[in-house]
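None of the values given here were measured: they were computed from a predicted structure. If you read the sequence from its start, that first residue is 1, and numbering goes on from there. Start at 1 and go down the list; that is how both ligands and their atoms are numbered.
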Amino acid sequence: MGIVLVMPILDGTIREIHAPGGWTLFLSSATGLLGTYLALLMVLMAARVPVLERVAGRGTVMGWHRHLSVWTLLLIFAHVLLSVVAYSMVAHVGAVHELVALTSTYPFMWEATVAVVIMIAVGGISIPQARERISRESWWLVHLLIYVALIISFFHEVVLGPDFVGHPQAQIAWSVAWILAGLAVVTFRVGLPWVRSRRHALRVIEVTPAASGALTVVLAGRDLDRLGFMGGQFFEWRFLTPGRWWQAHPFTVSGRLGRDRVRLTVDRVGDFTEGLVSLPIGTTVAFEGPYGSLTARARRHRLALLIAGGVGATAIRSLLDDIPAEAEPVVVMRARSREHLLLLDEIEEMAEQRRGRVYLLLGPRDQVALQTIAETVADFRERDIFIAGSEGFVNTLSAILHQLGARKASIHVEAYEI
Ligand SMILES: Cc1cc2nc3c(=O)[nH]c(=O)nc-3n(C[C@H](O)[C@H](O)[C@H](O)COP(=O)(O)OP(=O)(O)OC[C@H]3O[C@@H](n4cnc5c(N)ncnc54)[C@H](O)[C@@H]3O)c2cc1C
């Protein structure tokens, strides 16, 4: 972005800004450039770049991706409007006439127009009112068209963009940046998962009922210790049966069963998780990951407080694998009733082995005050606080504990919504 912006200053073409329509033209190319630069960052955020995943965590990175998407679309729409206005000022014709001229006479403008139509469509189905009406899977498939839009609009940027015309260095820098971003997507979203899935050859060996209607799914494979995942982390799982292969769903590993087996504990909340009841034994499983930064690596204090909201118990249970006895872990488990608690026996046993204890916070949402956690665990400010559960639970509880004096850096979270 820096290289591209500095070129017109270095070669003096920046002076063209004072010509008729010059400012509008400058703003149109600046908004286009900034919009596509943000799109490039969004692609990198969606590429599952390992260092980003490890440092910031999947939820945080996808939060940035979502926030940037609004600005990206607004800037690109501003670019379209400003371009039409600028060129019609230069050519002294009306905006509609100029729009037709732009799309029909300039190279790669048809492709750019199709790209904008795709962006409008994806922007439209992404507004909350529209998203509530379509399934997550349908939205996800349509939103992948953005990759098509970015590829087909690329050529009009480097061939027509005032910042690129006559500036081969800028063209090269921009092209290299996009090629690297594309390679990151192909490597980390397709290549690496494919290689790992083949190497570890996971398949389903057991599907059994767990507490509260949940399911235990056990997977067996080869050399799982070489995957290098830590307690608290999750994978995006793809069960390769005819109706399921195209959907990847995130589930935390709720337990490592020796060297070659892992266990998932799945709460049945919708179509996909309901259907896992009939998952055939022997199904091959492909996966992406490990992801997530809710691990013992985040520890800053000797002591630890682990809080599970509902199915968040899966991360807290596996995190306990890596929490040493010196942390004297206090575990708080929040659920509607005792019957809704998942993995309670294991968590109690593991906490006890580590000189810790378990508190239960039971009851309907409107009758339970999360503040009581701070009263029950009076030394929470001296502990690392690990929270896993629904987005609402995680966000509300971290805000409360922060207000009551816990340092932000000591609060580590995994929200079970992306
Ligand atoms: C980091 C993380 C770890 C998780 N770990 C567990 C776990 O150990 N056990 C467990 O039972 N659940 C876990 N979940 C939640 C689980 O992924 C969803 O409940 C499941 O994908 C729901 O799918 P569905 O089609 O049955 O339900 P739906 O009715 O389609 O969705 C229910 C909820 O799950 C979300 N969801 C649906 N599909 C996806 C998807 N592909 N990716 C992300 N979110 C999705 C939806 O936004 C919605 O909020 C985890 C989620 C995340 C983000």
Side-chain angles (χ1 to χ4, degrees), residues 46 48 53-54 56-63 65-66 125-126 128 131-144 189 193 207-219 229-239 241 243-256 262-279 285-295 308-321 333 335 340-343 346-347 386-395 412-418:
R48 316 284 200 259
E53 299 295 322
R54 201 167 41 243
R58 183 101 286 272
T60 308
V61 176
M62 287 322 279
H65 178 90
R66 262 197 308 272
I125 62 160
S126 301
R131 268 201 75 170
E132 279 164 18
R133 286 160 197 264
I134 49 175
S135 73
R136 187 190 157 91
E137 284 76 28
S138 313
W139 174 83
W140 184 78
L141 281 178
V142 176
H143 124 285
L144 286 187
R189 302 248 11 213
V207 181
T208 45
S212 176
L215 292 172
T216 298
V217 180
V218 179
L219 312 175
F229 65 95
M230 296 187 72
Q233 288 195 300
F234 68 96
F235 292 79
E236 302 253 357
W237 304 100
R238 211 177 271 279
F239 298 100
T241 62
R244 298 184 184 90
W245 63 270
W246 60 280
Q247 300 184 40
H249 284 254
F251 298 110
T252 309
V253 171
S254 68
R256 282 171 269 193
V262 290
R263 179 190 61 187
L264 314 178
T265 305
V266 178
D267 200 10
R268 287 152 65 187
V269 294
D271 292 357
F272 184 82
T273 44
E274 284 290 348
L276 289 184
V277 132
S278 56
L279 189 62
V285 185
F287 61 90
E288 280 180 48
Y291 298 133
S293 54
L294 190 88
T295 66
V311 71
T314 54
I316 297 307
R317 155 64 191 81
S318 64
L319 187 55
L320 274 168
D321 275 334
M333 297 185 71
H340 288 91
L341 288 169
L342 290 171
L343 305 164
E346 279 177 42
I347 289 176
F386 295 90
I387 313 174
S390 71
E391 193 170 36
F393 177 78
V394 161
N395 289 347
H412 321 288
V413 302
E414 191 70 81
Y416 278 15
E417 266 146 55
I418 298 180

- prompt: For ligand 1, which part of Leu264 has a heavy atom less than 4.0 Å away: the side chain, the backbone, both, or neither?
  reply: neither
- prompt: Can Ala415 be said to touch ligand 1, with heavy atoms closer than 4.0 Å?
  reply: yes
task: Please check if the side chain of Thr216 supplies one atom and the backbone of Thr265 the other of a donor-acceptor pair under 3.5 Å.
output: no
statement: Within the 4.0 Å heavy-atom cut-off, what Asp271 brings close to ligand 1 is backbone
- prompt: Which part of Glu417 is near ligand 1, with near meaning a heavy atom under 4.0 Å away: side chain, backbone, both or neither?
  reply: both
field: From Gly57, Gly292, Gly270 - option closest to atom 29 (O) of ligand 1 by heavy atom
entry: Gly270
- request: May I ask you to identify, for Thr252, whether its side chain, its backbone, both or neither come under 4.0 Å of ligand 1 on a heavy-atom basis?
  value: both
- request: Measure from the side-chain N and O atoms of Ser138 to the backbone N and O of Ile134, and report whether any donor-acceptor pair falls under 3.5 Å.
  value: no
- prompt: Taking atom types as modelled and ignoring hydrogens, do the side chains of Arg244 and Thr241 form a donor-acceptor contact shorter than 3.5 angstrom?
  reply: yes
Side chain, backbone, both or neither: Phe272 near ligand 1, heavy atoms under 4.0 Å: both
Ligand 1 contacted by Ser254 (non-hydrogen, < 4.0 Å): no
task: Do me a favour and list the nearest non-hydrogen protein atom to atom 14 (N) of ligand 1 with residue, atom name and distance?
output: Pro250 O, 3.4 Å
field: Per-residue contact class, Ala248 against ligand 1 - non-hydrogen pairs under 4.0 Å
entry: backbone
query: Just wondering, are more than 12 heavy atoms of other shown residues or ligands nearer than 6.0 Å to CH2 in Trp246?
result: yes
query: Would you say Glu274 has any N or O atom under 3.5 Å from an N or O of ligand 1, going by distance alone?
result: no
field: Ring geometry between Trp140 and His143 (parallel below 30°, tilted from 30 to 60°, perpendicular above 60°)
entry: tilted
- prompt: With under 30° as parallel and over 60° as perpendicular, where do the rings of Trp237 and Phe235 fit, or are they tilted in between?
  reply: tilted
